[in-house]
Amino acid sequence: MEINDQRGRIFVSPQAYADQEGWHEVAAELRRDDPVLRVEAEGYTPFFALTRHADVFEVSRRSDIFFNTRNAVLGPDANFELIRSMGIDPKTLIHMDGVEHRDHRHVTNDWFKPAAVKRRQEDIEAIADEFADKLVDFGGSCDFAQDIAVPYTLRVIMSIFGVPQADERLMLELTQGIFGAADPEYLGDVGDPLTYLTRTVARFDEYFAALTEDRRAHPTDDLATVIANGQIDGCPMERHAQLWYYIIVATAGHDTTSYALAGGMEALLRQPDQLAALAVDPALATNAAEEMIRWTAPVRAFLRYAQEDTEIAGVPIAAGERVLLSYPSANRDDAVFTDPMRFDITRPDADKLISFGLGVHYCLGSQFARREVRTMLPKLLERVSAIELAGDPQWAEANFVGGVKHLPVTYTLR
Ligand code: HEM
């Protein structure tokens, strides 16, 4: 691919993210030398890549100047146009701005508040126990990412959603059809990725239309009921926005969290002293979860579009130009984190992580994600007396949501 500056490849190339060490070396260089890097890559509208914490922070906060618009996820322009030409018009919270965004977010906001999420802790514990018990079934070795992290986080999100266990496989396929679109392993032999995406959206549509009908007729205390009966300005939510509301909640919640858990586990396995400390003192799990989410930053980036002429760190940005917020890079900025390249579950600055973004679009599910990770850690350590890597972890080739997708481990049961 033609590109004006080779360093910009780390944002554009899905493969670049599969080499974490190499990726972070380039990002560190950019933070030092070119924190607002103009990237002109063939097939992509140019963008400025922001790699420093302060700049990612400031742009996220200034939602009056920097809009998400309908195209906040980086991809080739042709894909974007093709998706639209195929009649797919994503309209999630991520794609909205201003009052429209505020009103739609309001529909589920209370449901995701800390006190409301805390009430689900017992359910999360029960699900964590169920999946930690699988270690016993696997008998001493497994792929922690695919065997534990993926199904566990999927089950939690589906249980809060209210989707029955029998439909989880379908939900997983659908999510991978949307988010996995760049990774060859997830695509398998489905053929053309965009055709696959269209089919995926059509299946989601069918599934959620039936769910809406059901929850309107038989409301329960689940999230599907809240979305099905959601109102905007006193009127039922428009069907299209409702479909995409279901899709964002069904998809944003588990790939992200499972990558944080699996990638965090890899970091722990590489530093057995920290694993041992956690086994002795389970109270460390809360900070460990923060550190795992800082370290892994499963959402790689979002874009924002300047609504007026402005500047970032002295670099002029004209109205209409776009900037890329690099969360993994901002999370390793030594202006904010002491010794940022060190994974440390006791670090006092772990809570300065920016993996969940900031401002009006701040991750709706951050409370769930944190609870899921910190609840699982002690459950695992209650069951195993020793656990180690049994081969090289494999990373997803994805430049939107990604992380460790295979984590072979061996362990001794207590
Ligand atoms: C470690 C796990 C997760 C990470 C790293 C993550 C990251 C993010 C990021 C970076 C954003 C955009 C923030 C911004 O633009 O400022 C976001 C938004 C969002 N996330 Fe998460 N997320 C995670 C888990 C979850 C979970 C568990 C759910 C649902 C249960 C969820 C639902 C959402 C939704 C609905 C939005 C859109 C919010 C809006 O635009 O107003 N996420 N997330």
Side-chain angles (χ1 to χ4, degrees), residues 50 56-63 66-70 72-74 90-98 100-109 111-113 116-117 120 124 149 152-163 171 175 179 222-224 226-227 241 244-264 289-305 323-328 330-331 353-376 400-404:
L50 309 187
V56 172
F57 190 98
E58 186 59 14
V59 168
S60 304
R61 206 178 61 80
R62 295 297 313 269
S63 53
F66 290 100
F67 277 22
N68 274 28
T69 77
R70 308 300 284 271
V73 176
L74 185 68
K91 191 181 180 188
T92 72
L93 292 177
I94 299 282
H95 300 79
M96 297 178 191
D97 290 290
E100 186 182 43
H101 171 262
R102 186 200 64 197
D103 290 350
H104 282 81
R105 185 158 168 136
H106 185 72
V107 170
T108 56
N109 213 23
W111 219 88
F112 284 101
K113 287 214 171 116
V117 175
R120 303 269 156 178
I124 299 175
Y152 162 59
T153 51
L154 182 67
R155 175 74 49 86
V156 173
I157 195 75
M158 290 306 143
S159 86
I160 61 164
F161 215 142
V163 168
M171 285 296 134
T175 312
F179 275 157
D222 63 20
L223 187 56
V226 178
I227 300 175
W244 283 96
Y245 216 128
Y246 286 122
I247 293 183
I248 186 78
V249 178
T251 53
H254 66 91
D255 264 24
T256 44
T257 314
S258 71
Y259 281 131
L261 183 56
E290 295 293 291
E291 176 64 345
M292 287 161 93
I293 298 168
R294 176 190 79 93
W295 185 253
T296 52
V299 174
R300 301 330 199 167
F302 271 115
L303 293 163
R304 294 288 194 272
Y305 294 73
V323 300
L324 177 137
L325 312 177
S326 178
Y327 303 115
N331 273 346
L353 84 180
I354 199 160
S355 313
F356 293 116
L358 192 92
V360 295
H361 289 280
Y362 181 76
C363 176
L364 203 49
S366 68
Q367 295 294 329
F368 271 111
R370 292 180 150 115
R371 271 181 193 278
E372 283 175 56
V373 176
R374 73 174 189 241
T375 302
M376 184 49 115
F400 177 36
V401 174
V404 172

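Sequential numbering from 1 along the given sequence is applied to the chain's residues. Start at 1 and go down the list; that is how both ligands and their atoms are numbered. FYI, side chains are in, hydrogens and waters are out, and symmetry mates aren't considered; it's all heavy atoms of this structure.
Considering both main-chain and side-chain atoms, F302 never comes within under 3.5 Å of ligand 1 through any nitrogen or oxygen pair. Taking distance alone, with nitrogen or oxygen atoms compared against 3.5 Å, S60 stays at or beyond that limit from ligand 1.
At a heavy-atom cutoff of 4.0 Å, ligand 1 is contacted by no atom of Y259, backbone or side chain. Under 4.0 angstrom from ligand 1, there are no non-hydrogen atoms of R61. When heavy-atom distances to ligand 1 are checked against a 4.0 Å cut-off, M96 has no atom that comes that close, whether in backbone or side chain.
Within the listing of ligand 1, atoms 38 (C), 39 (C), 41 (O) sit less than 4.0 angstrom from a heavy atom of R105. Close contacts of ligand 1 with Y327, meaning ligand atoms under 4.0 Å from a residue heavy atom, involve 10 (C), 14 (C), 15 (O). Against a heavy-atom cut-off of under 4.0 Å, H101 is close to the following atoms of ligand 1: 39 (C), 40 (O), 41 (O). Those atoms of ligand 1 with a heavy atom of I157 less than 4.0 angstrom away are 29 (C), 30 (C).
Residue S355 places a heavy atom less than 4.0 Å from ligand 1. Note on ligand 1: P298 sits in its first shell, one or more heavy atoms being nearer than 4.0 Å. Within the structure, the closest approach of R304 to ligand 1 falls below 4.0 Å when heavy atoms are considered.
Around atom 21 (Fe) of ligand 1, protein N, O or S atoms at less than 2.8 Å number 1.
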